[in-house]
Amino acid sequence: MKKRRFPGLVKHEGTQDVLWGEEVRERFDAPELSLARYIKDGTVTDVDNGE
């Protein structure tokens, strides 16, 4: 059985570096902030409680 790669099926949604994440957590004083919600475009729209 041969594994096949389909690079056209992978869609890049955006990335941010670690320092961006730490800066966002410090700015909003929210260590439990869910960064996955904001990683696509890098803008934090509102403070959340991590849930």
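All residue numbers refer to positions in the sequence shown, counting from 1.
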For residues 16-28, the side chain to side chain donor-acceptor pair (under 3.5 Å) pairs (sequence neighbours left out) are E23-R27
Taken in chain and number order and not counting sequence neighbours, the residues that satisfy side chain to side chain donor-acceptor pair (under 3.5 Å) with T43 are D41
Exercise. Taking the side chain as C-beta and beyond, is there a heavy-atom pair between L33 and V24 under 4.5 Å?
Worked result: yes
